[in-house]
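Reviewing the structure listed below.
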Amino acid sequence: MTVTLHLRAETKPLEARTALTPTTTKKLLEKGFKVYVEESAQSAFDIEDYRKVGAIIVPTGSWKTAPRDRIIIGLKEMPETDTFPLVHEHIQFAHCYKNQAGWEDVLRRFKNGNGVLYDLEFLENDQGRRVAAFGFYAGFAGAAVGIRDWAFKQTHADSENLGAIEPYENETAMIKDVRRDYQEALKKGARKPKVLIIGALGRCGSGAVDLLRKCGLPEENIIKWDMKETARGGPFQEIADADIFINCIYLSKPIPPFINNKLLNNPNRRLRTVVDVSADTTNPHNPVPIYSINTTFDAPTVVVPTTAGPKLSVCSIDHLPSLLPKEASESFSRDLLPSLEQLPQRDTASVWVKARKLYEKFSAKVGRTSKL
């Protein structure tokens with residue numbers, strides 16, 4: 001059975017990543033797939049590179065009227081302002097299985113159109129491990145923003161905030177920028193920061209550690225915590241005693257908060273920057289309950305109101321890997337490829353069967369709207 005994939009153009013502002021790169025598109029075509037690729041003003045990849053490998057190029061947004069037998073693949077969620085029923089099978093991140101705000105509205109669109117959601121976050125192998133994730137580059141980019149914000153505070157007045165950030169051409173360019181800011185802060189007399197990472201043993205935490213090492217942070221200044229260190233339950237004084245805190249956990253169940261206002265409103269607090277890579281902003285069990293909005297590339301940090309101690313900011317960008325869109329996309333798409341190759345057998349292939357059952361479980365909890 002020939003499977004037809006339709007790569008939709010991303011609409012989330014500044015989202016330059018993609019679920020299919022020219023490299024993986026070529027491999028799918030060689031396997032007998034048919035692949036349509038939408039023109040995109042945001043993608044880090046040139047549309048001509050898709051054309052060269054044999055993909056069929058179509059206009060932006062054409063997935064909406066595409067034949068129903070196409071599987072629509074993308075990354076981030078679609079605009080909240082869109083409410084029309086979804087009639088296709090969709091592969092994407094949907095953020096609606098952990099009680100996030102608006103999850104019922106998202107699933108209702110699929111239910112109204114008799115569509116299907118295969119959530120990329122929940123594509124798992126038989127061992128329960130995600131088949132593909134952006135975690136490494138999320139942690140890598142998050143640590144980069146963390147160091148840059150900490151360094152900014154050493155060289156600027158408290159009335160100023162870290163300015164807009166933009167995607168980098170490659171990892172080398174990112175490291176160059178971060179090392180520059182870090183060294184400038186040290187020249188101004190700042191002591192080398194202590195960085196505490198929770199979830200340090202996972203993909204995301206590993207990425208954060210890698211960035212810190214490549215930027216010259218001493219090993220003894222990188223504090224690596226995981227389940228063993230957090231088993232006693234928060235809040236943790238050690239976070240307030242660090243200069244930078246990077247949260248890299250995957251939140252799968254309610255846990256005590258890692259930090260609270262009592263620790264923050266202490267004149268002896270050392271903490272200046274929090275990077276919540278997990279960005280469970282709307283999750284009622286967010287273990288970093290000190291902010292309420294997702295930050296953006298245009299305004300990467302938000303100030304946390306405190307009554308004592310130094311200025312504190314949070315970075316809660318929920319698409320951090322977009323700072324390295326090409327490398328992050330190639331890594332993710334390469335890991336996703338073996339599962340995509342199983343799409344002709346998606347009625348029996350466990351990774352797709354489990355994803356569909358999860359969709360059916362949650363969509364059963366919401367009703368249809370009266371207007372279809």
Side-chain angles (χ1 to χ4, degrees), residues 12 14-15 17 75-76 93 95 98 100 120-121 130 132-150 162 165 167-168 171 174-175 178 193-215 217 222-227 229-230 234 236 239 242-252 255 257-259 271-283 285-297 299-302 304 312-325 327-329 331-332:
K12 189 181 183 74
L14 299 176
E15 179 56 83
R17 292 174 299 167
L75 278 184
K76 300 302 289 184
F93 287 104
H95 310 295
K98 295 191 290 184
Q100 295 97 327
L120 287 167
E121 184 177 354
R130 290 175 63 182
F134 283 100
F136 181 87
Y137 283 103
F140 195 94
V145 177
I147 290 291
R148 292 197 65 188
D149 181 69
W150 169 86
L162 181 67
I165 54 179
Y168 289 90
E171 178 182 312
M174 172 182 279
I175 293 172
V178 179
K194 289 188 177 295
V195 184
L196 193 155
I197 303 165
I198 295 185
L201 299 182
R203 288 180 173 126
C204 179
S206 298
V209 171
D210 190 49
L211 180 284
L212 296 173
R213 286 171 175 162
K214 287 178 177 176
C215 289
L217 202 70
I222 306 173
I223 306 166
K224 299 182 281 290
W225 278 22
D226 212 271
M227 295 179 68
E229 290 79 8
T230 59
F236 302 109
I239 293 177
D243 296 282
I244 302 170
F245 165 50
I246 305 176
N247 177 39
C248 292
I249 73 161
Y250 179 77
L251 185 64
S252 59
I255 58 175
F258 291 153
I259 190 76
L271 185 67
R272 303 297 307 274
T273 297
V274 173
V275 181
D276 192 4
V277 180
S278 301
D280 288 304
T281 312
T282 62
N283 191 312
H285 306 297
N286 180 11
V288 190
I290 61 175
Y291 68 97
S292 59
I293 64 169
N294 283 118
T295 59
T296 65
F297 285 177
T301 63
V302 61
V304 179
L312 176 64
S313 303
V314 172
C315 169
S316 57
I317 298 170
D318 66 357
H319 57 126
L320 279 165
S322 293
L323 283 176
L324 286 172
E327 286 146 314
S329 296
S331 175
F332 180 86

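What you see is a predicted model, and the numbers here were worked out from it, not measured in a lab.
Here the shortest heavy-atom pairing between Thr273 and Trp150 reads OG1-N, 3.6 Å. Contact detail for Arg272 and Asp149: the closest heavy-atom pair is O-OD2, 4.3 Å. Between Arg148 and Tyr168, the closest heavy-atom pair is NH1-OH, 3.0 Å. Between Val178 and Ala144, the closest heavy-atom pair is CG2-CB, 3.7 Å.
In this structure, CZ in Arg203 is found 6.5 Å from CZ in Arg130, a value given to the nearest 0.5 Å. Atom CZ in Phe136 sits 8.5 Å away from atom OG in Ser331 (nearest 0.5 Å). Atoms OG and CG, on Ser329 and Leu324 in that order, are 10.0 Å from each other to the nearest 0.5 Å. Taking CG of Leu271 as the reference point, atom NZ of Lys194 lies at 14.0 Å (rounded to 0.5 Å).
At least one donor-acceptor pair under 3.5 Å links the side chain of Ser316 to the backbone N or O of Ile293. A distance-only check finds no donor-acceptor pair linking the side chain of Thr301 to the backbone of Cys315 [under 3.5 Å]. At least one donor-acceptor pair under 3.5 Å links the side chain of Glu15 to the backbone N or O of Arg17. Using modelled atom types, one side-chain atom of Ser278 and one backbone atom of Ile249 make a donor-acceptor pair closer than 3.5 Å. Panel note: side chain Ser322, backbone His319; a donor-acceptor pair is recorded below 3.5 Å.
Residues passing the salt bridge (Lys or Arg N to Asp or Glu O under 4.0 Å) test with Glu121 are Lys98, sequence neighbours excluded. Residues passing the side-chain contact (heavy atoms from CB on, under 4.5 Å) test with Asp226, sequence neighbours excluded: Leu201, Glu229. Under the ring pair (Phe, Tyr, Trp, His ring centres under 6.0 Å) criterion, Phe134 pairs with Phe332, not counting sequence neighbours. Applying the side-chain contact (heavy atoms from CB on, under 4.5 Å) rule to Pro167 yields the partners Phe297, Pro325; only residues at least two apart in sequence or on another chain are considered. The side-chain contact (heavy atoms from CB on, under 4.5 Å) test applied to Thr296 returns Asp298, Ala299, not counting sequence neighbours.
Looking at Ile317 and Ile165, their side chains come closer than 4.5 Å, going by heavy atoms from C-beta outward. The shortest side-chain heavy-atom distance between Val275 and Asn247 does not fall under the 4.5 Å cut-off. For the pair Val195/Leu217, a side-chain contact is recorded, criterion being any heavy-atom separation below 4.5 Å from C-beta on. Within the 4.5 Å cutoff, no side-chain heavy atoms of Ile197 are placed close to those of Ile223. Considering only heavy atoms from C-beta on, Leu251 comes within 4.5 Å of Pro287 through its side chain. Looking at heavy atoms from C-beta onward, Ile259 lies out of side-chain contact with Phe236 at the 4.5 angstrom threshold. Side chains of Leu196 and Trp225 form a contact here, defined as non-hydrogen atoms less than 4.5 Å apart. Looking at heavy atoms from C-beta onward, Val302 lies out of side-chain contact with Val304 at the 4.5 angstrom threshold.
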Before you tell me yes or no, could you show the steps for Cys215 and Ile175 under side-chain contact (heavy atoms from CB on, under 4.5 Å), namely the whole-Å CA-CA distance, both residues' side-chain angles and the distance that decides it to 0.1 Å?
CA-CA 6 Å; Cys215 289; Ile175 293 172; 4.2 Å; yes
Before you tell me yes or no, could you show the steps for Asp318 and Lys12 under side-chain contact (heavy atoms from CB on, under 4.5 Å), namely the whole-Å CA-CA distance, both residues' side-chain angles and the distance that decides it to 0.1 Å?
CA-CA 11 Å; Asp318 66 357; Lys12 189 181 183 74; 3.4 Å; yes
Before you tell me yes or no, could you show the steps for Ile198 and Thr230 under side-chain contact (heavy atoms from CB on, under 4.5 Å), namely the whole-Å CA-CA distance, both residues' side-chain angles and the distance that decides it to 0.1 Å?
CA-CA 8 Å; Ile198 295 185; Thr230 59; 3.9 Å; yes
Go through it in stages, so that I can follow the logic: the residues are Tyr291 and Asp276, the test is side-chain contact (heavy atoms from CB on, under 4.5 Å), and I'd like the CA-CA distance, side-chain angles, deciding distance and then a yes or no.
CA-CA 10 Å; Tyr291 68 97; Asp276 192 4; 2.5 Å; yes
Side-chain polar contacts of residues 207-214 - donor-acceptor pairs under 3.5 angstrom, sequence neighbours left out - could you list them?
| residue | atom | partner | partner atom | Å |
| --- | --- | --- | --- | --- |
| Asp210 | OD2 | Lys214 | NZ | 3.1 |
| Arg213 | NE | Glu219 | OE1 | 3.0 |
| Arg213 | NE | Glu219 | OE2 | 3.3 |
| Arg213 | NH2 | Glu219 | OE2 | 2.8 |
| Lys214 | NZ | Glu171 | OE2 | 2.7 |

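For the residue pair Asn286 and Asp280, no side-chain donor N or O sits within less than 3.5 Å of a side-chain acceptor on the partner.
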